[in-house]
There are 2 protein chains.
Amino acid sequence: MQNKPRSSRVTLREVALSADVSEVTASRALRNPELVSERLRDRVLAAARELAYVPNQLASALASARTGRVAIIVPSLTNGVFDDYLRAAYDIFTPAGFQVVILNSNYVPGFEERAIETALGQYPEAIVLAGIDQTARARRLLNQAGIPVVQTMEIADDPIDINIGLSHAEAGHAAARLLFGLGHFRVAHMASPLDSRARERVRGYLRAVQEFDAEPIVATDDSPSNVAIGGDLLVEILRREPATSAIFCGNDNLALGALFECQRRGVRVPEDMSIIGFNDLEFAKSAFPALSTIATPRYEMARQAAEIILEITRGSGKRPRKRRIDLGFEVIERASTRRIAGASK
Amino acid sequence: MQNKPRSSRVTLREVALSADVSEVTASRALRNPELVSERLRDRVLAAARELAYVPNQLASALASARTGRVAIIVPSLTNGVFDDYLRAAYDIFTPAGFQVVILNSNYVPGFEERAIETALGQYPEAIVLAGIDQTARARRLLNQAGIPVVQTMEIADDPIDINIGLSHAEAGHAAARLLFGLGHFRVAHMASPLDSRARERVRGYLRAVQEFDAEPIVATDDSPSNVAIGGDLLVEILRREPATSAIFCGNDNLALGALFECQRRGVRVPEDMSIIGFNDLEFAKSAFPALSTIATPRYEMARQAAEIILEITRGSGKRPRKRRIDLGFEVIERASTRRIAGASK
DNA sequence: TTGAAAGCGCTACCAT
DNA sequence: ATGGTAGCGCTTTCAA
C-alpha cells in the first residue's frame, strides 16, 4: 500500500510471530511484564532481543494518546544561559520517564510560533517556554492543546497557564543601583536586547539612572550576544563617554568581553572600571577579577516547572494553587565592582 | 475506545466537515494545494485557520512513512563545542524542511545507546552522531534502521555509514609539538577525558612528549570540563611540577580557567606560562591575552553531514563515493603562547 | 492469562 | 479534481 518501501524494520508483529504469541501478548510482555506468564514473557523478550526490536514510538503514541514527551522551547542553545535550565529539565523529566524534546527558536521573532506549532504537532504532554511574549496565535494553539504550559524566565501579568520566573526590570534596576550606590555616576549599560527580558533589564537600568539623576549611556548590538561583542561595546562606550567608571553588562558573556577589552587597554578592573554582569554563568566566579553579577535561578525555574508538570500529569490534571511563582534573583558582589575612588562613603 | 479522553484537539476530519469536503481533499489542500481546485482549497484553508488546526505529526508520519525528522545526538549542550555544530545543522536542515531533534547523552556511557534507541523509535530519516565509539548494540540498531548514519567529530577506521571528522590524536600532537617547538620542555596537559576524543588528544600529547624526550605531566578531572576546573587543574600542575612553563589544555574552557588562575597568582601569560587551548570557541580570540588554540571545523562537519544526508534522502538513497572525510584542524597561534625565555631559537 | 477486534489520525492508492 | 477504502504499528477494550 505504500509506495516507498517502509524500511524493513522489525515490528511487534514479527516479534509476536517469532515468539509464537499474539501481538497483544507481545505488547504486554514488553510494557507490563507482570501481566504475562513467565513462560510467554521470556519467549517474547528473547525474540525482541534477538530481532533487535525497537518499538515504533509513533504508532504507540498514536494508539495510546500518550507520547511520554515534553517539549522545551528555548531561544538559544549557544549562550550558556540555558545550560542549567536544560540540565534541570533532564534531571527531573528523564527519571520520570519523559523524553525531553528541545526546540530552538534562535531569537528570531516568529520562529517561536513555528517551534510551538511543530512541538504541538508531536503531541507533547506538556510544554515549557522561555519568556512570556508569545504571539496571539501561539497562545491560542497552546490553550487548545489542553496540556500544561509553563512560561519561564520572566514574570507575566497574564500567564497562559503556569508561570515561573523573575522580574528582569527589577533585576536590571538592582544591578544599576548597586553601581550608583558605590558612588559611580557615569554608569553605562551594554546589551544585546534580542528578547523582552533584555529589554526589561534596560528599562530597569533607565529607571535607576533617573532615580540617581544621571545620564543614560546605552550601547546595544542586534546580534546574539557573545564575548567579542562585549569588547566592541566597551570600545563604543569609552568613545562616547570616556568618563564612564562603571558598566552594567546585560549578560556575563558581554561582561567577559568588556573585562578582556579593559585589560587590553590597560583600564584596570575594578580600580578604573567597575563591571557587573548578568546571570552568574559558570565562569563568572572564576574570572580574574571575579565577576560581580546578578544570579538568576535558571536551574530552579526549570526544576519547578518540571515538578509541577509531573504533578499535573500524574494527578488527574489539577493545577497547583499558585500559578505564578516569582523566584527572584540575587545580587552577587565579587571583585569586579568597587566603590569609586574618591567617592564619599 | 480510549480510557483517557483524547485531548479534544481539532482533527482533519473536523476541518473537512467544516469545509464540507472529504478528508482526503482537506489533506491535499493543506499539503499539495495545487492539486485542489481553488474553491475547495480556500474553504479548507479557511476552516483550518478558523479551527486553529494543527496536523497530528504522529499520524501523518505513521501513514506516510516520512517523519521529516533528523536526529542529532550530542554528548553535551553545555560546553560551547556543539554550538556551531548545531547551528550548522539548523542552517541546512530547517530550510530543507527537516525538523531537527536533539538528544543529549550527557557524556554518560550507556546514555548514548539509550538516546540512539529513543531517536530510532521516532523514525528519523537520518541520524547524526558525535564520535565513533557506539556500542555494538547501538551499531546493530543503527544498521537495521536503514537510514543514513553520519558519525562526526572524529575519524573512524570502520565507519557505520558516513564519517566526517578529524584525528584528535593528530590535533593533540600538534598542540603539544607547538609548545615543545617553542623551546618549552616542561609541557603539561590538562583534560576532562570524558570522551574518546579527549583521550585521543592525551595520546597525541604523550606521543609528542616522547618525541621530545620529555616527562609527561597530565592532570585530569572526571567531570564535564568547565572554567573552574581549568583553574583547579592549573593549581595541581603547578604543585606537582612548579617548573612547568607551558600547558596544553584539552579545551578552551579549561584554558580560560587556567589563564584566569595564572593571572590570579601573578603568573604572567605568556611570559611565564604559555597556554594553548582546543576548539577555538568564540571567546578565544577575544581573551586577553588572546588564546592560542586548535581550531576544529565544527560548523563544517555538521554542514557537510547535513548536505550529504539531504543528497541521500533526496536522491534515491545512494551514498556518496567518499564515505570518510577528514576535515583536519588548524593550529591557531595567538598571544597566549610564546617562545620560552632564554631558549635558543 | 490470553487473544480478537477496533481504532488512533492521517495518507497512499485506485477509482470516478 | 475529488473521494472511498485500506492500512501504517501499536494499544485499548472486551470476551474467553
Side-chain angles (χ1 to χ4, degrees), chain A residues 1-44 48 51 53-69 120-123 125 144-145, chain B residues 1-44 48 51 53-69 120-123 125 144-145:
Chain A
M1 293 300 114
Q2 307 302 139
N3 61 350
K4 131 176 328 195
R6 234 152 241 287
S7 62
S8 58
R9 283 172 57 176
V10 180
T11 66
L12 186 61
R13 151 181 254 104
E14 298 173 57
V15 174
L17 240 41
S18 159
D20 197 32
V21 297
S22 72
E23 279 189 56
V24 211
T25 302
S27 172
R28 274 196 286 253
L30 293 165
R31 288 177 307 128
N32 302 98
E34 71 280 7
L35 295 182
V36 177
S37 70
E38 197 181 329
R39 242 182 75 255
L40 295 194
R41 189 202 314 149
D42 289 350
R43 257 158 49 195
V44 171
L51 298 170
Y53 169 67
V54 178
N56 186 329
Q57 239 286 121
L58 270 46
S60 165
L62 186 59
S64 68
R66 287 210 71 232
T67 57
R69 239 180 247 181
L120 256 21
Q122 298 180 41
Y123 283 55
E125 299 187 28
Q144 204 159 285
Chain B
M1 293 302 112
Q2 308 302 139
N3 61 349
K4 129 173 333 191
R6 233 152 242 287
S7 62
S8 57
R9 282 172 58 177
V10 180
T11 67
L12 186 62
R13 151 180 254 103
E14 298 172 58
V15 174
L17 240 42
S18 158
D20 197 31
V21 297
S22 73
E23 278 190 57
V24 206
T25 302
S27 172
R28 274 196 286 254
L30 293 165
R31 288 179 306 131
N32 303 97
E34 70 281 6
L35 295 181
V36 176
S37 70
E38 197 182 327
R39 243 184 72 255
L40 295 196
R41 190 201 314 148
D42 290 349
R43 258 161 46 198
V44 171
L51 298 170
Y53 169 67
V54 177
N56 185 330
Q57 239 286 121
L58 270 44
S60 165
L62 186 60
S64 68
R66 287 211 72 230
T67 57
R69 244 181 242 179
L120 256 21
Q122 298 179 42
Y123 282 54
E125 299 186 27
Q144 204 159 281

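The model shown is predicted, which means the values in this text are computed figures rather than measured ones. In what follows, chains are A, B, ... by sequence order, proteins preceding strands, each numbered from 1.
Of the possible polar contacts, one joining the A:R41 side chain to the A:P33 backbone as a donor-acceptor pair under 3.5 Å is found.
Closest non-hydrogen pair, A:L30 versus A:L12, comes out as CD1-CD1, 3.9 Å. Among all heavy-atom pairs drawn from A:R9 and A:E14, the shortest one is O-OE2, 3.5 Å. Pairing each heavy atom of A:A48 with each of A:V15, the nearest pair is N-CG1, 3.9 Å. Looking at every heavy atom in both residues, A:Y123 comes nearest to B:V54 through OH-O, 4.4 Å.
Within the 4.0 angstrom heavy-atom criterion, base atoms lie near A:R28.
Rounded to 10 degrees, the angle between the two end axes of the helix from C:dT1-D:dA16 to C:dT16-D:dA1 is 30°, with five pairs used at each end.
For CD of A:E34, the number of neighbouring non-hydrogen atoms (other residues, nucleotides, ligands) closer than 6.0 Å is greater than 12.
A sub-4.0 Å separation between OP1 or OP2 of D:dC10 and a side-chain N or O of A:S60 is absent. In this model, the phosphate group of D:dT11 is approached by a side-chain N or O of A:R31 to a distance below 4.0 Å at OP1 or OP2.
Residues of residues 35-44 of chain B that place a heavy atom closer than 4.0 Å to DNA chain D, in numerical order, are B:L35, B:V36, B:S37, B:L40.
Here the side chains of B:Q122 and B:T67 are not in contact, with every heavy-atom distance at 4.5 Å or above.
DNA chain C is contacted by both A:E34 and A:V24; A:E34 maps to the nucleotide lying nearer its 5′ end (nearest heavy atom per residue).
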